[in-house]
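Input: a single structure, listed below in structure tokens.
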Number of protein chains: 2
Amino acid sequence: MDIQLKRGLLEVCVLAAIADEDSYGYKIIKDMKPYIELSESTLYTILKRLETADMLSVRTAEHEGRLRKYYHITPAGRKRIEEFKSDWAEMLSIYRFVTKEDESHVENNIPCGP
Amino acid sequence: MDIQLKRGLLEVCVLAAIADEDSYGYKIIKDMKPYIELSESTLYTILKRLETADMLSVRTAEHEGRLRKYYHITPAGRKRIEEFKSDWAEMLSIYRFVTKEDESHVENNIPCGP
DNA sequence: CGTAATACATCGTATCGCGAAGTATAGTAT
DNA sequence: ATACTATACTTCGCGATACGATGTATTACG
């Protein structure tokens, strides 16, 4: 997949990966892998960025002798996901512009989003 | 709209704007405006990039005393649009991961893509 | 005993969108 | 007449970002 296309999804995917339950770096990468791949350096950069933006909080815990940093989504993080959902409508409109699909008689677009 | 989300669309939108008939910078911006906005500096950078990548060809013509550079899409440019269409399926899959939509019983996804 | 997997961190690089500023002409308003 | 707006293209530099390379440290496995 085109790298530029990935850019807008990475951050929100990381948030989605911790939305249901707290998670840690290595697990996030594995959970995201079927959908979108990212390197460790990218992930930890994103996590740091999201923490600075107060979209997640961090808690360090020991797990079998190793340290793990568990990430927890904040209300701001959930808001970010909601904003992505509204952006999706715009994305669809642009997609149709590119593919020259007729936008006027689209009735059933449920699978694409709200 | 999120800037990062825009990134993957800009290039392919410019190609879409010249796909039906040759166009020039200023007109491309105006045609794209209802869907996605971009500054002149961005556009001309993209046009140069697409030209280098052989996705479009350029022809200079005079129009009412002023010079215009008309851009014409090449087969490589059309291929780029086709690749975007296939990428869209992946995008949808990621969208559903983020929104936790059930991917298993999606039958009618016509309005979203091919 | 070495290799792979787990787990996190940092640095430098390349790409890219965009604001700012510049050049030039044609049409419109004051 | 003069100023402003629209048209049309160009270049520079900044900031954001993804990622490969590299490093550190522990556990598990053969």
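Each chain gets a letter, A, B and so on, in the order the sequences are listed, and its residues count up from 1.
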Problem set entry | Whole-Å distance separating the CD atom of A:Gln4 from the P atom of D:dA16 | 17 Å
For this session: Compare side-chain N and O positions of A:Thr42 against OP1 and OP2 of D:dA18 and report whether any pair is under 4.0 Å apart.
Result: no
For this session: Find the distance A:Ile36:CD1 to D:dA18:P and express it as a whole number of Å.
Result: 10 Å
Exercise. Side chain of A:Arg49: nearest nucleotide among D:dA18, C:dC18, D:dC19?
Worked result: D:dA18
Exercise. For A:Arg68, which contact category applies under a 4.0 Å heavy-atom criterion: base, sugar-phosphate, or nothing?
Worked result: sugar-phosphate
For this session: Quickly work out the A:Leu38 CG to C:dA7 P distance and round it to whole Å.
Result: 16 Å
Problem set entry | Distance-minimising heavy-atom pair for B:Ser93 and A:Tyr35 | OG-CD2, 3.4 Å
Seminar exercise, completed: Taken to the nearest whole Å, CD/A:Glu62 to C1'/C:dC8 is 15 Å
For this session: Take atom CG of B:Asp2 and atom P of D:dA16, then tell me their distance rounded to the nearest Å.
Result: 14 Å
Exercise. Taking CE from B:Met1 and P from C:dG17, how many angstroms apart are they, rounded to a whole number?
Worked result: 12 Å
For this session: Indicate, with a heavy-atom threshold strictly under 4.0 Å, whether A:Glu40 touches base, sugar-phosphate, or nothing.
Result: base
Exercise. Can you find an N or O donor on one side and an acceptor on the other, under 3.5 Å apart, linking the side chain of A:Ser41 with the base of D:dG20?
Worked result: yes
Exercise. Are A:Ile73 and A:Asp22 close enough that some pair of their side-chain heavy atoms sits under 4.5 Å apart?
Worked result: no
Problem set entry | Smallest separation among heavy atoms of A:Thr74 and A:Ser57, with atom names | CG2-N, 3.9 Å
Problem set entry | Nearest-Å distance for atom pair CD1/P, residues B:Ile29 and C:dG19 | 12 Å
For this session: Return the minimal non-hydrogen interatomic distance between B:Arg68 and B:Tyr24, and the atom names on each side.
Result: NH2-OH, 3.0 Å
Exercise. When the distance from CD of A:Glu64 to C1' of D:dC29 is rounded to whole Å, what number comes out?
Worked result: 14 Å
For this session: When you get a sec, tell me which of D:dA8, D:dA18, C:dC18 is the closest nucleotide to the side chain of B:Tyr24?
Result: D:dA8
For this session: Name the closest nucleotide to the B:Tyr71 side chain, picking from D:dT10, C:dA9, C:dG17.
Result: D:dT10
Seminar exercise, completed: salt bridge (charged side-chain N to carboxylate O under 4.0 Å, His left out) test vs B:Glu11 passes for just one of B:Arg49, B:Lys48, B:Lys6, namely B:Arg49
Exercise. With a cut-off of under 6.0 Å to the ring centre and 45° to the axis, is A:Lys100 in cation-pi contact with A:Phe97?
Worked result: yes
Exercise. For A:Lys27 and C:dT6, is the shortest distance between a side-chain N/O and OP1 or OP2 below 4.0 Å?
Worked result: no
Exercise. What about A:Arg66: does its side chain form a donor-acceptor pair under 3.5 Å with the base of D:dT27?
Worked result: no
Exercise. Taking only side-chain nitrogens and oxygens of B:Lys69, does any of them come within less than 4.0 Å of OP1 or OP2 of D:dT10?
Worked result: yes
For this session: Tell me which of A:Glu37 and B:Lys30 sits closer to the 5' end of DNA chain D, going by the nucleotide each one is nearest to.
Result: B:Lys30
For this session: Establish, with yes or no, whether the OP1 or OP2 oxygen of D:dT10 is under 4.0 angstrom from a side-chain nitrogen or oxygen of B:Tyr44.
Result: no
Exercise. If you find the nucleotide of DNA chain C closest to A:Lys48 and the one closest to A:His63, which residue's nucleotide is nearer the 5' end?
Worked result: A:His63
